[in-house]
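Okay, here's the structure, questions in a sec.
A, B, ... follow the sequence lines: proteins, then strands. Residue 1 opens every chain. All values derive from a computational prediction rather than experimental measurement.
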Amino acid sequence: MINGKREKIKKILSEPEFGKEVTVYGWIRTARFSKNVYFISINDGSCFDSLQLVIDDIESTPKNLLLTGATVKAVGKIVESPGNKQKCEMLVKSLEVIGKSDEKYPLQKKRHTLEFLRTMPHLRSRTNTLFAVFNIRNELARAVHNYFQNKGFLYLNSPILTKSDCEGAGEMFQVTTLKLDEIDKNANPLDYTKEFFKEPVNLTVSGQLEAEPYALSHGEVYTFGPTFRADPSTTPKHASEFWMIEPEMAFYDFEDLMILIEDFIKSVTRNVKDSCPSELAFFKKFINKELDKRYDAILNNKFEKITYTEAIDILRKSKKNFENEPVWGEDLFSEHERYLTDEYFKKPVFVTDYPSSFKAFYMRENEDGKTVACLDLLVPYVGEIITGSQREERYDVLKRKIEEKGMDENVYEWYLDIRKWGSAPHSGFGLGFERLIMYLTGMENIRDTIPYPRNKGKIY
RNA sequence: UCCAGCUUGGCUCAAUCGGCAGAGCAUCCGGCUGUUAACCGGAUGGUUGGGGGUUCGAGUCCCUCAGCUGGAGCCA
């Protein structure tokens, strides 16, 4: 028995029982050797902080095996530490290297660049930075589930393989069992009779359309799963495979939607702040000195609400020299969004009621006939993290919009059905999980918030 | 897809006008009475991303290819 006799470092550090002899297993982060005593910091994965092992009996300790990255088993007594960086440490009675390392081990104890670490996703989670990122990611996931579960939302597993394209949410990955070099590319239309599903199927770009029907049976639902977009972008904010949280709620109008989003973001942010103090202290020290301001911006502010029309007005009145002139009827550019969040408001901003011309067909048409009840939530430094809207629940209006946008009505028959029978006002939004992680950790590249990132031209 | 920048020991970076490729860390050896990403002394380690060109001489200039990074667009 190993695990049954193993004490986790998290428990030792959080509730130390001085004088107790325990057995720990872990990986060497740093080792410091002086004449009469060795210090080894080990991490066992149970928490961000390491345990310091103090070795007095240096005669029988194989110093040359105590390399960064090696796995050790240590038995010893937990004592108060005279050093000021930790409150307790282990006086080692016996130490055994059970998994060797060597001089080729690529991780040094000094800082590496994140680009270098990206080349080794199988090892980088052993570094402080990535270790902390994935702890935050886990806490945030827990917080998301807790939030919706406590509110009685149904966790819906929307399909990964799907026929729907969510109308231009992004480029799709087509899934096929056919051998690409055996396909008759000249056939028009392509012959799908030999295809597995007998028709084209893609990886999902959004679970929203599939979630809406469940909102009209279960009232309040949310999805939380992987999403795939074959966009050619390789920007720090885009990944080909990322996770989205997509709640859909019946009997929520646009105002209800904004209240929920603000409460939700504040709740999960508070949760991360309270449960990951060691990680956040680390990020503040090494990644982003102004991390506190980001938490302040969310926790101690009412989110700003402006309409798209007001946003255009603010931008046009600003003295800022934009490369792209803000014009009503055209979408906001990145530089415009950045100005609003980073310079003008310096806190999260809802930009609402965009012109329907460049927004999706399912967004509910406003009384003016020109704009729709939609929102983007913009946050400082990261930009857009949420898109949401009240959904068009009126059968006739939705049908008209589908026609106007030149979409194939047959494909959306099922989607129209839920407006035909028992329709109800409903709203929903999509949150890019990794973008929130970026905001809450200060990490500047989405590839450093995903265990195994995927991008155009690169599958790590 | 477009634009810009970068590529030098295992890692992070220097190298002035085109003139002897260098430092810190890692590793190894030695030292140090409790260290904190320890410290002190020494050693090992290089076809300067690949290919081509200009030049007496190229890390440095030119062409080309590749990879990476950033920006734009698109989006979450």
With respect to the side chain of S34(A), which nucleotide from C75(B), G71(B), C32(B) is positioned closest?
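My answer, after comparing the listed nucleotides, is C32(B).
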Looking at residues at least two apart in the chain, or sitting in another chain, which of them share a salt bridge (charged side-chain N to carboxylate O under 4.0 Å, His left out) with D313(A)?
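Residues passing salt bridge (charged side-chain N to carboxylate O under 4.0 Å, His left out) with D313(A): K317(A).
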Can you find a donor-acceptor N/O pair under 3.5 angstrom joining the side chain of H238(A) to the base of C75(B)?
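Present.
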When the C1' atoms of G45(B) and A26(B) are compared, how many Å lie between them, rounded to an integer?
11 Å
Taking the side chain as every heavy atom from C-beta outward, state whether L440(A) and L436(A) have any pair of such atoms under 4.5 Å apart.
yes
Between R32(A) and C32(B), is there a side-chain N or O to OP1/OP2 distance below 4.0 Å?
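No, outside the criterion.
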Classify the ring geometry between Y214(A) and H218(A) as parallel (under 30°), tilted (30 to 60°) or perpendicular (over 60°).
parallel
Identify, between L332(A) and R447(A), the residue whose nearest nucleotide on RNA chain B lies closer to the 5' end.
R447(A)
Any side-chain N or O of R118(A) under 4.0 Å from OP1/OP2 of U69(B)?
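Checking U69(B) against R118(A), a side-chain N or O does come within under 4.0 Å of OP1 or OP2.
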Of the options C11(B), U35(B), C75(B), whose atoms approach the side-chain atoms of E89(A) most closely?
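Of C11(B), U35(B), C75(B), U35(B) is nearest to the side chain of E89(A).
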Give me the ring orientation class for F322(A) and H336(A): parallel if the planes are under 30° apart, tilted from 30 to 60°, perpendicular past 60°.
perpendicular
Whichever of L91(A) and D331(A) has its nearest RNA chain B nucleotide further upstream toward 5':
L91(A)
Heavy atoms from C-beta onward define the side chain here; which of U12(B), A37(B), A38(B) lies closest to that of F286(A)?
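Comparing U12(B), A37(B), A38(B) against the side chain of F286(A), the answer is A37(B).
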Rounded to whole Å, NZ of K104(A) lies from P of G10(B) at a distance of 11 Å
So which nucleotide from U36(B), C75(B), A37(B) ends up closest to the side chain of Q52(A)?
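That would be U36(B).
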The side chain of V37(A) lies closest to which of these nucleotides: U27(B), G34(B), U36(B)?
G34(B)
Determine the contact category for S334(A): base if any of its heavy atoms lies under 4.0 Å from a base atom, sugar-phosphate if only primed atoms, P, OP1 or OP2 are that close, otherwise nothing.
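Contact class for S334(A): sugar-phosphate only.
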Q108(A) side-chain proximity, nearest of A26(B), A72(B), C68(B):
A26(B)
Taking only the side-chain heavy atoms of Q86(A) (C-beta and beyond), determine which of G71(B), U1(B), U35(B) contains the nearest atom.
U35(B)
For the pair F48(A) and F131(A), name the ring-plane relationship: parallel under 30°, tilted 30 to 60°, perpendicular over 60°.
tilted
For C74(B) and C17(B), measure between their P atoms and round to the nearest Å.
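That atom pair is separated by 42 Å.
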